[in-house]
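For clarity, every value in this text was computed on a predicted model and none was experimentally measured. Note that these values count all heavy atoms, side chains included, but never hydrogens, waters or copies made by symmetry.
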Amino acid sequence: MRGGFGAPMALAAGLVVSLLPSAVPPTSPRQPSAPESRQVNAAASAYTEASHARPAVFPAAPALRRAVPGRNVPTSTASTPAAARAGGLDVLFVGAHPDDESGDLSTFGQWNEQRHLRTGVLTITRGEGGGNAVGTEEGPALGLLREAEERKAVAKAGITDIDYLDKVDFYYTVSDELTRKAWDHDSTIAKVVRLVRETRPKVIVTMTPSPIPGQHGNHQEAGRLAVEAYYLAADPKAFPGQLTKEHLHTWRAGRLLHQEHLVKSDAGPACETTFTPTDPSADVYGVWAGRRSRSGATWAQVEAEADRFYASQGWAGTPDPPSDPNQIGCDYFTQVDSRVPFTPGNHAPDAALEGAVYPARGGLPQGTEFSLTTSAFGVAAGEPFTVTAHAPAGRVALSLPAGWTSAGSGTVRDGTAEFTVTPAADAKAGRVRLGATVTTAHGTGTTDRAVEVRDAVTGVQQPLPRVSDFDAWAASTGVPQLSGRVERVLTLGSGGSRTVRVDLTDTTDHPHQGTVTLNLPQGFTAEPASLPYSLEAGKTGSVTFTVRNTDASLPTSNQGGDAGDYDYTISTTADGATTDVAKAALELVPQTTIPQASAAPDVDGKEAAGEYSGPSLNLSRLWEGTACSSAADCSATGKVTWYDDALYVLVQVKDDKQGSALDAADCKRHWRTDSVEIALDPRGDAENTSTTFKTGILPFTSGDGPCFERDADNHQGPGAETAPGMQVASAVSSPYTGYTVEAKIPLADLPAAVDPSRFALDIFVYDSDTTDKTGQTRIGWSTWGGVQGDPYRWGLATLPGYTPPPGRPTTAPPPVMPQTAALSVNSPQSIIQAASTRVPLAAGPAAPFAVRLAGRPEVGDGSVTFRLRTGGPGVAYAYVWDGGILGQKKVEIGRAGTTTVTVPGATGTLAVAFEATAGGTASVAAELS
């Protein structure tokens, strides 16, 4: 998904939102867009500490045996030796949904043309939770439609291999934890590891795994899975059954990269060399999309043409990129890890592949491994730590910052050379790179590794739960360099107060005492102004302040501070000297009081005198998309009151162009047209929307009346089923200049009892000026990009006088979420690919016995008859595919032997998937003549 970090905004042609100067298509209209298992973490840790010490040469992947389905001998994935059926990829991209790779197709296409690389895509879901701008398909049918779109799109970059894990796609969430549970992390990581071992990519590219604001939780989890699989696929202790029972082999990919969004850069070819990454210690690579392909078009243009295939996501109108290549930017990738030598500072367009796909500079044979590990990521000035170089042979020399020293012979013995490195006594806090060069009889190679110099005592603002979760994952997985990239932010109600905890760490081997002070911007105060602390050597602690917003006139939401953040610093002293100054930020959210009505308002789409006595809420702040050209183009106000045990909401919208009038039966995914979304967090403390109530209201449908549904919350689905007591009315002006929506929401329909002293509320207005089921503008009350998935950024409200009925639970039940995913056995395209590549469907195991066609299929009378020979019982899924399904049949096979099957359809390809009762699949395909 495109547009920021997964924000699901579909823009009209010519209206583009991006953090980077590269031309990009409209973003997708899908609604935006448990701890790790001990087995996985232990395996990753074991690899980091032990496996990496093994001297090894990274093997070149063999060429794929590309059998043509139906030519003489139909192909099968069953009982085929792993070496014969493995894919042999050069690059593997791991994403969550169809279109997640779209922003990098210009890069993959260049690598294909320049280096003749074979790139594969692993897509965890088929995107069933997305919108549909071209039809009424939903659920698995939509997933298969999106698969077809993805296959056409990536083909523009020369990609033919796409594997799906058959995991369910559900609503937009910023929560990796929720995604982890929905996908069952343990079973999913086993599949990703299996696919890496099957396809043996030399380079793995994935999505940003960190919880950058707005980054889809599905995208975060895709990134985490790819990072874990990079290590686990190489570890014989991880999923050993894949090695002993399935006859796969461990695989050590050469380099691991993730998409990089936080880069400052200008457009033009210089974007490959003049960019500024957020983390200066990271190895970041840019690939300019303005180069011309062999077709003569720029790769940015090729990518735009590919994006138009994602029509269901509203991308059919993707605009052409600038005709001037100097206005086209770069794709960026950050290196997470490397097992092979590479040249720091190399900014060639294929520099990210050096050492893995082609030999690194210095003459070492391709695939020679060389890397660094350290005994700690965080180091202290003047205090030694261990650096270990991993190489098959030779001598290693370190390259260190000025004033740093090292001790060690540098001679590689048993695959390693160990050094004791001591930072300079006056080393400044921050991240630095340690470089190394290995010299062998066959040549030289270079590498680097980042460490972070930390002050004697550090003090940082408490993290959001999702940031704390990510940092813990990064440390346990062995990639601590990925942590610390998300600014520490906390929200604060306008004119209100909150507690702010500062977490302290002693990074040395002796105790410290000192003070902590918050250096707040104007309009904020801390009580007390400073606090003392005392820490034992190497221990942690905390101090807590009360922070108040003393100037309620300060702008709130994304209109306040620097892009919504009121930045400040935390000063920590130790033994009388300031040792650490940490950055942090506060985000002001609007606050209101929801008064009790004297009588229940009539839910009629009109405001009668005295019905809504509370303040009018400004709903005209932009949070995604194109700014309103005028108040008449799009603007809105809202009023809220309560009576008895229900909330009443009135939203008045000005709008000069009417969007699509959806059929009442299509009352879902409201962001595709003009609509109102009401988001309620009853306890005011939700980490993600799975414990909240969110409703989308269409003010008009093709049947004239309004409708409502619940989406991306504790119980999404049709309104009558999920909020049976809710009432909705609307009044649409004629001629059209806007509409009014009024709703009654029984508080009993919320997932938990309302806390009347801290109730989180937000109201969003979606504006579409087209009839193609795409939206252009999103406005609302408390606004940031991706805010519909961020309950902590919603506005705050109190309900004076309201008391929830006794016995109403204060904890939300588990969320009701989609459970039905499109399956690979129902996809002829996936079956045909599996028959050709011999990689089993859905990254599952191969069937434990042979499955093949007995003789050639016989075509006649508009159908095809074939004989399927199997070594045991199972279910066969047969299709005749000719750009679409001409016929299909599901056949239960009770025992080993030959079964005759007839399927409608006489042209194209016969595709058969067999799902063995004992587990595993086999795929066969034959061209029909």
Side-chain angles (χ1 to χ4, degrees), residues 210-214 262 264 278-280 428-431 452-468 470-471 483-505 507 514-533 535 540-574 576-591 782-785 787 790 792-796:
S210 59
I212 296 169
L262 304 181
K264 295 180 180 178
T278 301
D279 180 358
K428 294 183 179 180
R431 295 187 177 184
E452 183 174 80
V453 179
R454 296 173 180 169
D455 286 317
V457 177
T458 62
V460 295
Q461 179 179 278
Q462 68 187 81
L464 294 170
R466 68 191 61 159
V467 175
S468 177
F470 176 77
D471 288 350
S483 64
R485 301 187 64 214
V486 181
E487 185 175 17
R488 299 290 179 106
V489 301
L490 293 173
T491 53
L492 172 64
S494 177
S497 64
R498 67 160 298 151
T499 59
V500 174
R501 189 185 75 237
V502 175
D503 295 329
L504 300 162
T505 303
T507 66
T515 59
V516 179
T517 304
L518 304 188
N519 308 304
L520 296 168
Q522 191 170 3
F524 298 86
T525 61
E527 300 172 6
S530 62
L531 284 169
Y533 75 87
L535 286 179
T540 61
S542 65
V543 295
T544 301
F545 298 84
T546 298
V547 174
R548 184 176 302 277
N549 170 222
T550 56
D551 182 0
S553 68
L554 289 176
T556 64
S557 305
N558 55 359
Q559 296 180 346
D562 179 11
D565 291 348
Y566 287 92
D567 297 323
Y568 74 100
T569 58
I570 301 170
S571 297
T572 303
T573 68
T578 299
T579 65
D580 183 54
V581 179
K583 295 180 179 179
L586 297 168
E587 296 180 335
L588 282 181
V589 299
Q591 289 201 124
S782 186
T783 52
W784 277 272
V787 69
D790 272 337
Y792 79 97
R793 286 176 162 175
W794 297 351
L796 295 175

Participant: Hey, does Ser782 have a side-chain heavy atom less than 4.5 Å from the side chain of Ser557?
Facilitator: yes
Participant: Rounded to the nearest 0.5 Å, what separation is found between the CZ atom of Phe545 and the CG atom of Leu518?
Facilitator: 4.0 Å
Participant: Is any side-chain heavy atom of Ile570 less than 4.5 Å from a side-chain heavy atom of Val460?
Facilitator: no
Participant: Can you measure from OG1 (Thr491) to CH2 (Trp794) and round to the nearest 0.5 angstrom?
Facilitator: 12.5 Å
Participant: Go through it in stages, so that I can follow the logic: the residues are Leu520 and Leu586, the test is side-chain contact (heavy atoms from CB on, under 4.5 Å), and I'd like the CA-CA distance, side-chain angles, deciding distance and then a yes or no.
Facilitator: CA-CA 9 Å; Leu520 296 168; Leu586 297 168; 4.1 Å; yes
Participant: Asp503 versus Pro463: any side-chain heavy-atom pair under 4.5 Å?
Facilitator: yes
Participant: State the CZ-CG distance between Arg466 and Asp790, to the nearest 0.5 angstrom.
Facilitator: 4.5 Å
Participant: Heavy atoms, side chains only, cut-off 4.5 Å: are Leu464 and Val489 in contact?
Facilitator: yes
Participant: If you define the side chain from C-beta out and look only at heavy atoms, does anything of Asp455 sit under 4.5 Å from Thr572?
Facilitator: no
Participant: Looking at Val457 and Ala574, what are the two nearest heavy atoms and their distance?
Facilitator: CG2-CB, 4.1 Å
Participant: Among pairs that include at least one residue of residues 485-500, which meet salt bridge (charged side-chain N to carboxylate O under 4.0 Å, His left out), considering only residues two or more places apart or in two chains?
Facilitator: Glu260-Arg485, Asp471-Arg488
Participant: Can you tell me if Thr499 uses its side chain to pair, donor with acceptor, with the backbone of Thr546 under 3.5 Å?
Facilitator: no
Participant: Under the ring-ring contact (aromatic ring centres under 6.0 Å, His included) test, which residues partner Phe470, sequence neighbours left out?
Facilitator: Trp473
Participant: Are the side chain of Asn549 and the backbone of Asp551 linked by a donor-acceptor contact shorter than 3.5 Å?
Facilitator: yes
Participant: Within a strict 4.5 Å, meaning less than it, do heavy atoms of the Val453 and Lys428 side chains meet?
Facilitator: no
Participant: Taking only residues two or more places apart in sequence or in another chain, which ones pass salt bridge (Lys or Arg N to Asp or Glu O under 4.0 Å) with Glu587?
Facilitator: Arg793
Participant: With sequence neighbours left out, what residues match Asp567 under side-chain hydrogen bond (donor to acceptor under 3.5 Å, both in side chains)?
Facilitator: none
Participant: Could I get the full list of salt bridge (Lys or Arg N to Asp or Glu O under 4.0 Å) partners for Arg548, not counting sequence neighbours?
Facilitator: none
Participant: What's the separation between atom OG1 in Thr783 and atom CD in Gln559, rounded to the nearest 0.5 Å?
Facilitator: 6.0 Å
Participant: Looking at Gly459 and Leu504, what are the two nearest heavy atoms and their distance?
Facilitator: CA-CD2, 3.7 Å
Participant: What's the separation between atom CG in Leu535 and atom OG1 in Thr505, rounded to the nearest 0.5 Å?
Facilitator: 7.5 Å
Participant: When you measure from the side chain of Thr550 to the backbone of Gly523, do you find a donor-acceptor pair of N or O atoms at a distance under 3.5 Å?
Facilitator: yes
Participant: May I have all residue pairs that pass ring pair (Phe, Tyr, Trp, His ring centres under 6.0 Å) and include part of residues 554-574, sequence neighbours excluded?
Facilitator: Phe524-Tyr566
Participant: Kindly give the heavy-atom pair with the smallest separation between Asp279 and Arg431, and that separation in Å.
Facilitator: OD2-NH1, 3.1 Å
Participant: Keeping Ser542 on the side-chain end and Arg501 on the backbone end, is there a donor-acceptor pair under 3.5 Å?
Facilitator: no
Participant: Search all heavy atoms of Val486 against all heavy atoms of Pro213 and return the closest pair with its distance.
Facilitator: CG1-CD, 4.4 Å
Participant: With side chain to side chain donor-acceptor pair (under 3.5 Å) as the test, would you mind laying out the steps for Thr515 and Thr573 before giving the verdict?
Facilitator: CA-CA 5 Å; Thr515 59; Thr573 68; 3.1 Å; yes
Participant: Once rounded to the nearest 0.5 Å, what's the spacing between atom CG of Leu588 and atom CG of Asn558?
Facilitator: 12.0 Å
